[in-house]
Amino acid sequence: MNETDAFPSEIERQLKEETRIRTLMDHDAGAGLLNPYAQTKVGSDTIFAWWGRYQNAVAQDIDAVNGTIGALLEDDGTLAINAVVDEAVRKAPPVEIAAYAPLKGLPAFLDLAKSLALGDRRNELEAMGLSITATASAGGSGALYLAATNFANRGDHVLLRDRHWGPYKGFLSGCDLKVTTYPLLPESTSPYPYVDIDSFKLKLSELCKEQDKVMMWVNDPAHNPTGLSLTADGRMALLEAVMESASVNEDVGHTLLLDAAYHLYAEEPHGWADTLHEAMTNGWPWPENLLITFALSLSKSHTIYGLRTGALVSVHPDAAVTERIGTVMGVTGRQTWSAAPRVSQYTVSELHASDETGAAWSKERDRLQSLLSERRSAFIAACEELNVPLNPTHDGFFAWLEHDQPVEIAEACAQQNVFLVPLTGGVRIGLCAIPLAQIPRVAQALAHALS
Ligand SMILES: Cc1ncc(COP(=O)(O)O)c(C=O)c1O
């Protein structure tokens, strides 16, 4: 097996395992052993199921299109791998592979994580008095878990947009948290076309009346599942709303989590740091009860999905607060996955410490980003031509068709051998997996499905 087909083979193995489990599945089995929450966990995964249908079509020699999986594939269908990272991992000294990392993460990696979250603004923000702490995590998922389990009170609601990455619910419900949502897009024309700021404010003020801690998760830029990115004005409006709420509700802790799983493939990767910088420059007093935290994932940006590397990077003006948060997150990591993998932390820190390899990584990243942007531009143009009402989409791995019958639309596309993923409220189009040459077929399939 060569390395580039290892990933699809792994998916195939998981799919077979899922199918095997599903055929054996008896939901009552183990009820005397599993606690009631564990018994709510069922193993069917929509994305894998639709990916399996694509695989079945290919096995029958059908010329099918794969818009199902959430990994970046080259136009020939193999997993896209940033060669610079791959090479650096292979050169890591044995001890960096074998040893544990420090519990909070390798210091050089924690330093890098802050820069990856905040970009060139990092130094300015620190000079303005902001203190930053980072904790290494098992991927972006680990960072989300660290936030879920530490920043909200058990039993409370966390504020999300109504279209969000499915696993959010699992991370939150595992911490006994509920979800409350506001619409992804405003219904009427708004100065902020990509954020429903009025609904956001309303929900936030409702939560502030009921809870003494409020956590909001915003996957921006390059939202999964739509590819939406907020504009600078939209970010500022959202930040203003949160700062205002924190100032008015002094006794309510506010945590704004920015899920940066795809940010390094976005046009404005560090737009949130720019917005924070602008707010600080305008002399905004940062309320003590406000924390901004970034859930960082290196899975996509460094194509090390399987090396489980990410970080939670938190920003606050009081160093005592960030110090305390660092301790809490380190202890949580220790009690959950022990230490995050060392070899990836070592490798990426070394890689970015050198101008030469740093630039080589950027060049590869740019190449991968242009795969995505070419596919997206072609898809938007084809949808426009065929009057497919695609949602606004800007960056990252996905595009989205909002629809109240997503399964019917995805089924109709599958009839045309185009495989997409029906999710709550719409159909996800995995541009990351679709070769450029097949993009027009996807728009055509959607146009037929809609008609
Ligand atoms: C929106 C979003 N957030 C976070 C993650 C977590 O990524 P990982 O745990 O693989 O680093 C993903 C992965 O698909 C994602 O789509």
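Order of listing sets the numbers, starting from 1, for every ligand and every atom in it. From a predicted model like this one, the values you see are computed outputs, not experimental measurements.
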Answer yes or no: does an N/O atom from [X] fall short of 3.5 Å to an N/O atom of ligand 1?
X: Asp259; value: yes
X: Gly140; value: yes
X: Asn219; value: no

message: Quick check with a 6.0 Å cut-off and a 45 degree axis cone: is Arg428 positioned over the face of Phe398's six-membered ring?
response: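 Yes, Arg428 and Phe398 form such a contact.
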- prompt: Mind checking whether Arg308 has a heavy atom under 4.0 Å from ligand 1?
  reply: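 Heavy atoms of Arg308 do come under 4.0 Å of ligand 1.
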message: Looking only at protein heavy atoms, which one is nearest to atom 7 (O) of ligand 1, and what is the separation?
response: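 Checked against all protein heavy atoms, atom 7 (O) of ligand 1 sits closest to Lys300 NZ, 3.5 Å.
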message: Among all protein heavy atoms in this structure, tell me which lies nearest to atom 16 (O) of ligand 1, with the distance rounded to 0.1 Å.
response: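 Closest protein heavy atom to atom 16 (O) of ligand 1: Tyr262 OH, 2.6 Å.
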Subset of ligand 1 atoms that lie under 4.0 Å from at least one heavy atom of [X]:
X: Ser141; answer: 6 (C), 8 (P), 9 (O)
X: Ser297; answer: 7 (O), 8 (P), 11 (O)
X: Asn224; answer: 1 (C), 16 (O)
X: Ser299; answer: 8 (P), 10 (O), 11 (O)

task: Identify whether the distance between the nearest side-chain nitrogen and carboxylate oxygen of Arg375 and Asp75 falls below 4.0 Å.
output: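 Result for this pair is yes, salt bridge flagged.
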message: For a quick check under 3.5 Å, do Tyr265 and Ser373 share a side-chain donor-acceptor pair by atom type?
response: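 There is no such pair between these side chains.
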message: Nearest non-hydrogen contact with atom 4 (C) of ligand 1 belongs to which option: Phe397, Tyr145, Trp165?
response: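 Among Phe397, Tyr145, Trp165, the closest heavy atom to atom 4 (C) of ligand 1 belongs to Trp165.
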